[in-house]
Amino acid sequence: MSDEAPSPRLLAIDDSELIHRLLQVRLQGERLELHGALSAQEGLQKARELMPEVILLDIELDTMDGFEVLAHLKSDPKTQDIAVIFISAVSDTMDRVRGLDLGAVDFIAKPFEVAELKARVRSALRMQHLVKMLEYRAQIDSLSGLWNRRYFDQRLQQEWSEARRHGRSLSLIMCDVDRFKRLNDQFGHPFGDQVIERVAQILSGGRGSDITCRYGGEEFGVILPSTAADRALEVAERHRVAIESHTWSGHDDVIVTSSFGVADLTSVPADAGMEQLVQAADMALYRAKQSGRNRVELATHKRIEAT
């Protein structure tokens with residue numbers, strides 16, 4: 001199996017078949033997966049289906065012009081970050097300004113000059129790569145290497161919506177390192193950092209489908225798609241045992257423990273939102289702390305009320 005990354009996708013939205021043939025010829029040799037749409041509606045549909053890195057968009061289309069298509073793309077959370085390059089036979093300054101104001105990244109005049117076309121497409125692809133890299137880094141916690149709170153909120157909302165829409169199970173585990181401040185005070189912050197790093201490794205070393213995030217401080221969240229509470233309890237208990245059993249280099253006599261709260265969709269009212277699932281898991285975590293720590297508690301619908 002090849003480890004080579006897939007070719008970036010480029011979608012051309014233009015009502016001229018000649019333009020599509022010209023693009024096929026003139027972009028030949030570029031590492032691109034080229035797709036075409038002959039109408040605005042087809043272009044919007046393919047943009048959502050293909051999620052291309054770059055769209056070449058003609059201003060003069062049939063049922064709606066390129067500016068309207070661009071407005072639709074930018075108003076849709078799924079397609080709003082796709083780089084759009086306007087193409088037009090009319091080199092009008094106001095068209096360029098309007099397109100850039102709406103969110104286009106560049107403008108290419110017809111007829112295409114091959115070197116310029118390739119350079120502008122490459123520039124847009126480089127920019128997309130940098131943007132995605134920066135977005136990725138902005139969602140990573142620097143100490144633990146896990147997804148951060150920002151990603152947790154986005155991903156849980158996504159999984160919540162999917163579970164509700166398709167009638168799937170969804171569980172959430174909240175984990176907190178017991179007496180973490182005491183560990184920091186007694187053994188120093190470098191050891192505290194070591195604890196965070198190792199707990200993160202344990203929590204993220206489970207099932208491949210689970211999404212482990214650093215929620216904040218010494219608290220972690222694990223999102224378990226398509227998983228009911230009984231299975232989530234088993235996962236949490238395995239993590240609890242693994243953390244308690246870990247031996248710490250240079251601190252052989254230290255035992256670090258963690259408490260866990262588990263909730264799934266049955267733990268909250270049918271009309272609840274994502275926030276109430278987090279609240280339910282947090283309340284179960286609080287009970288685990290109050291009941292002696294180093295334990296797993298399950299939230300129930302009776303213990304949380306709709307807000």
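Please read all numbers here as calculations on a predicted model, not as lab measurements. Residues: numbered from 1 along the sequence shown.
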| message | So Asp95 and Phe86, do their side chains get closer than 4.5 Å, heavy atoms only? | response | no
*Does the side chain of Leu183 come within less than 4.5 Å of Arg179's, by heavy atoms?*
no
Backbone of [Y] reached by a side-chain donor or acceptor of [X] within 3.5 Å:
X: Gln80; Y: Ser75; answer: no
X: Ser267; Y: Ala280; answer: no
X: Ser259; Y: Asn294; answer: yes
X: Arg48; Y: Leu73; answer: no
X: Ser204; Y: Thr212; answer: no

Flag for [Y]-[X]: side-chain donor and acceptor within less than 3.5 Å:
X: Ser16; Y: Asp14; answer: no
X: Arg198; Y: Gln201; answer: yes
X: Asp62; Y: Ser39; answer: no
X: Arg231; Y: Ser169; answer: no

Can you see which heavy atom on [X] is nearest to which on [Y], and at what distance?
X: Ala281; Y: Met174; answer: CB-CG, 3.4 Å
X: Ile196; Y: Gly217; answer: CD1-O, 3.8 Å
X: Glu219; Y: Asp176; answer: CB-OD1, 3.7 Å
X: Ala270; Y: Arg164; answer: O-NH2, 3.3 Å

More than 12 heavy atoms of other residues, nucleotides or ligands under 6.0 Å from [atom1] of [X]: is that the case?
X: Met133; atom1: CE; value: yes
X: Ile255; atom1: CD1; value: no
X: Phe180; atom1: CZ; value: yes

Q.
Under a 4.0 Å threshold between the charged nitrogen and the carboxylate oxygen, would Glu162 count as salt-bridged to Arg165?
A. yes
Strictly below 4.0 Å, N to O, side chains only: are Asp81 and Lys132 in salt-bridge contact? no
Got a second to check how far [X]'s [atom1] is from [Y]'s [atom2], nearest 0.5 Å?
X: Leu61; Y: Leu38; atom1: CG; atom2: CG; answer: 10.0 Å
X: Leu156; Y: Cys213; atom1: CG; atom2: SG; answer: 8.5 Å
X: His72; Y: Thr79; atom1: NE2; atom2: OG1; answer: 10.5 Å
X: Asp15; Y: His20; atom1: CG; atom2: NE2; answer: 7.5 Å
X: Lys118; Y: Arg26; atom1: NZ; atom2: CZ; answer: 10.5 Å
X: Ile202; Y: Arg240; atom1: CD1; atom2: CZ; answer: 12.0 Å

Tested for salt bridge (charged side-chain N to carboxylate O under 4.0 Å, His left out) against Asp106, the lone hit among Arg122, Arg126, Arg120 is Arg120
*When the ring planes of His239 and Phe260 are compared, do they come out parallel, tilted or perpendicular, using 30° and 60° as the limits?*
parallel
What orientation do Trp248 and His246 show, parallel under 30°, tilted 30 to 60°, or perpendicular over 60°? perpendicular
Point to revise | Cluster overlap Ile223 with Tyr136, hydrophobic side-chain contacts below 4.5 Å | key: yes
Side chain to side chain donor-acceptor pair (under 3.5 Å) test vs Asp153 passes for just one of Arg149, Gln157, Arg150, namely Arg149
Using a 4.5 Å side-chain heavy-atom cut-off and chaining through intermediate ILVMFWY residues, the residues clustered with Leu117 come out as Leu10, Leu18, Ile19, Leu22, Leu23, Leu27, Leu32, Leu34, Val54, Leu56, Ile85, Ile87, Val105, Ile108, Phe112, Val121, Leu125, Met127, Val131
Taking the six-membered ring for Trp, are Trp147 and Tyr215 ring centroids under 6.0 Å apart? no
Could you list the donor-acceptor pairs under 3.5 angstrom formed by side chains in residues 138-146, with sequence neighbours left out?
from   : atom 1 : to     : atom 2 : distance (Å)
Gln139 : NE2    : Gln154 : OE1    : 2.8
Asp141 : OD1    : Arg214 : NH1    : 3.4
Asp141 : OD2    : Ser144 : N      : 2.9
Asp141 : OD2    : Ser144 : OG     : 2.6
Asp141 : OD2    : Arg214 : NH1    : 3.2
Ser144 : OG     : Leu146 : N      : 3.2

Under the salt bridge (Lys or Arg N to Asp or Glu O under 4.0 Å) criterion, do Lys46 and Glu49 qualify, and how do the steps go? CA-CA 5 Å; Lys46 284 192 172 182; Glu49 292 172 354; over 6 Å; no
